[in-house]
Amino acid sequence: MNPRSLRLLELDKIIDMLEEKCATSMGAARIQGLYPRTDFDQVLSLQEQTREAVDMLSKEEPSLSGLVDIGQEVNRAGKGGMLDATQLYRVAIFLSGSMTLKRFMKNKAPRESWLFLAAQGLVELPELITQLNRAVDREGNVLDTASSDLRSIRRKLETAHSRLRDRLDSMIKSATIQKYLQENLITQRNGRYCLPVKSEYRAQVPGVVHDQSASGATLFIEPLVAVDTSNEITGLERQEQAEIEKILRDLSGQVGNYSEDLSVALESARDLDIVLARGKLALAMEGTGPEIRSDNQLKLVQARHPLLPVRDVVPITVTLGGEYTILVVTGPNTGGKTVTLKTVGLFCLMAQCGLWLPVSSGSSVPVYSNIFADIGDEQSIEQSLSTFSSHMTNIIKIMAEADRHSLVLLDELGAGTDPAEGA
């Protein structure tokens, strides 16, 4: 399709409206690449998909919740890479959304319908969902329930921390020790529990100095009585990290085993989102599915331009391509001539994108090989062309490219010059 005509007819604004109806980032991203098809069978297929979506949405709207884009996660896991807890949680969310949508379509969509068949690409992996939900949470934590070893290590860690705090608490409560401290509190330096000791009493509190204050008046000392327990904690923390890595690698491997299925599921989720978005837009516009014709006959009944406020729209009825293939629209200024041209062109583009139109029943649209528009008072500053010259340049290009299956929209022929010359 002619890019300039797509812009003049404002198809991009319709695409933006369609993007807002998408429930997933995958669908929204793909929507921006939407373009009118010129193959008759493809247009018929797209219109049938939209009809199925409208029929379903009129009864019950399927949930697309959780269908996040996990393409990067699937790609990484498929190559043997390790996913972190947050990434695994995203996979779990997608799997839950995929299973929910697939079961919905299985129960609600007619057999052999596009919606039913597209949903077959979604995945149902309830056991993997259970494992992931047992292992990670939305904050990116690896849970105690991920493995019995991890639970055991964390219990030992909790006991060791409690034992260490009790020892240090008894020290800061001791009248003998308190007089050596800047404050009666326990602090941490480099992951070790320390007491804030006045520097002049360094020798009175045996232990390892881990830090000092900016003034040098305070030393942060790990008492000798705490060293053994702190070393035990350090060892347990290393065991914990090793177990966490083992869990993440195991779960990432399982995700990687399904990488091909998940890639297909992502495509299916995206395609379903796009088609359902077309259905949502059709309902929002109170649209009708036009008859798609192969004989160049156009009929728009009570057509309402979708970018105009509803209260301001004056419906129009236009026929073309039957008894006549050229239609001249005349009338006074602000009479709606340009809006009529834009409505016809935009509706043909929308139909060839698989969208329904805000028209009454009985409307039909052919599949044009191309749609050309010369609308507005554009000047070509780059080529130093006047308004009239710019129009003539565009029309010459259109005449060179248009064929018998094209729709050509020319607004105000001869504008921008002397009336007699323009005629």
Side-chain angles (χ1 to χ4, degrees), residues 73 76 81-93 129-253:
E73 287 84 351
R76 181 177 178 80
M82 186 178 78
L83 305 180
D84 62 29
T86 301
Q87 291 171 319
L88 288 169
Y89 182 78
R90 284 171 54 81
V91 173
I93 289 296
I129 293 173
T130 300
Q131 289 184 53
L132 291 170
N133 287 333
R134 191 168 56 224
V136 296
D137 65 15
R138 68 171 63 247
E139 281 77 35
N141 300 311
V142 177
L143 304 174
D144 293 354
T145 49
S147 76
S148 57
D149 287 344
L150 183 61
R151 186 186 306 111
S152 174
I153 292 168
R154 286 180 170 172
R155 284 178 179 173
K156 290 176 183 177
L157 262 173
E158 186 178 347
T159 300
H161 277 292
S162 179
R163 189 166 67 248
L164 180 57
R165 282 194 297 268
D166 289 344
R167 286 182 181 177
L168 295 176
D169 279 340
S170 66
M171 290 185 72
I172 64 175
K173 290 175 183 177
S174 166
T176 305
I177 298 295
Q178 280 183 359
K179 59 187 177 183
Y180 304 137
L181 303 178
Q182 287 285 13
E183 294 180 86
N184 294 335
L185 56 81
I186 303 167
T187 185
Q188 277 193 318
R189 288 295 186 277
N190 302 320
R192 310 287 282 196
Y193 286 96
C194 301
L195 300 179
V197 179
K198 298 174 183 177
S199 57
E200 61 267 27
Y201 295 121
R202 164 72 182 84
Q204 270 58 51
V205 183
V208 180
V209 178
H210 285 284
D211 199 2
Q212 67 177 11
S213 64
S215 65
T218 304
L219 299 176
F220 297 95
I221 298 176
E222 179 185 12
L224 286 178
V225 296
V227 170
D228 288 346
T229 307
S230 291
N231 288 340
E232 179 187 353
I233 289 172
T234 299
L236 287 169
E237 286 175 342
R238 288 172 180 161
Q239 290 180 42
E240 180 189 27
Q241 285 305 119
E243 181 62 20
I244 286 173
E245 183 173 336
K246 177 185 174 184
I247 291 165
L248 295 179
R249 286 200 177 280
D250 177 61
L251 292 172
S252 299

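Source: prediction; values computed, not measured.
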Would you find a donor on one side and an acceptor on the other, under 3.5 Å apart, between the side chain of [X] and the backbone of [Y]?
X	Y	value
Asn141	Leu143	no
Arg249	Met82	no
Ser199	Leu219	no
Ser152	Ser148	no
Asn190	Arg192	no
Gln178	Ile172	yes
Ser170	Arg167	yes

Got a second to check how far [X]'s [atom1] is from [Y]'s [atom2], nearest 0.5 Å?
X	Y	atom1	atom2	value
Asp149	Asp144	CG	CG	12.5 Å
Thr86	Asp137	OG1	CG	8.5 Å
Ile186	Asp169	CD1	CG	4.0 Å
Arg238	Thr234	CZ	OG1	6.0 Å
Asn133	Ile93	CG	CD1	7.0 Å
Glu222	Leu195	CD	CG	9.5 Å

Considering non-hydrogen atoms only, spot the tightest contact between [X] and [Y] and give its length.
X	Y	answer
Leu248	Leu83	CB-O, 3.7 Å
Lys179	Tyr201	O-CE1, 3.8 Å
Pro196	Leu185	CD-O, 3.2 Å
Gly140	Ala85	O-CB, 3.3 Å
Pro223	Ile221	CD-O, 3.2 Å
Leu236	Ala160	CD1-CB, 4.4 Å

[Y] and [X], any side-chain heavy atoms less than 4.5 Å apart:
X	Y	value
Glu240	Ile244	yes
Asp211	Cys194	no
Leu181	Lys198	no
Arg155	Arg151	yes
Asp250	Lys246	no
Gln87	Asp84	yes

Notebook entry, point to check: Can a cation-pi geometry be assigned to Arg138 and Tyr89, taking NZ or CZ under 6.0 Å from the six-membered ring centre and within 45° of the ring axis?
Noted result: no
Notebook entry, point to check: Charged N to carboxylate O below 4.0 Å: is that the case for Lys156 and Glu232?
Noted result: no
Next item on the list: Identify whether the distance between the nearest side-chain nitrogen and carboxylate oxygen of Arg154 and Glu158 falls below 4.0 Å.
Entry: no
Note to self: Once you measure the plane-to-plane angle for His161 and Tyr193, does it fall in the parallel (<30°), tilted (30-60°) or perpendicular (>60°) bin?
What the structure shows: perpendicular
Margin query: Using the rule given for side chain to side chain contact (heavy atoms under 4.5 Å, CB included), can you reason through Met171 versus Val225, listing the C-alpha separation, both sets of side-chain angles and the distance that settles it, and then say yes or no?
Written below: CA-CA 10 Å; Met171 290 185 72; Val225 296; 3.7 Å; yes
Next item on the list: Check step by step if side chain to side chain donor-acceptor pair (under 3.5 Å) holds for Gln212 and Thr218.
Entry: CA-CA 6 Å; Gln212 67 177 11; Thr218 304; over 6 Å; no
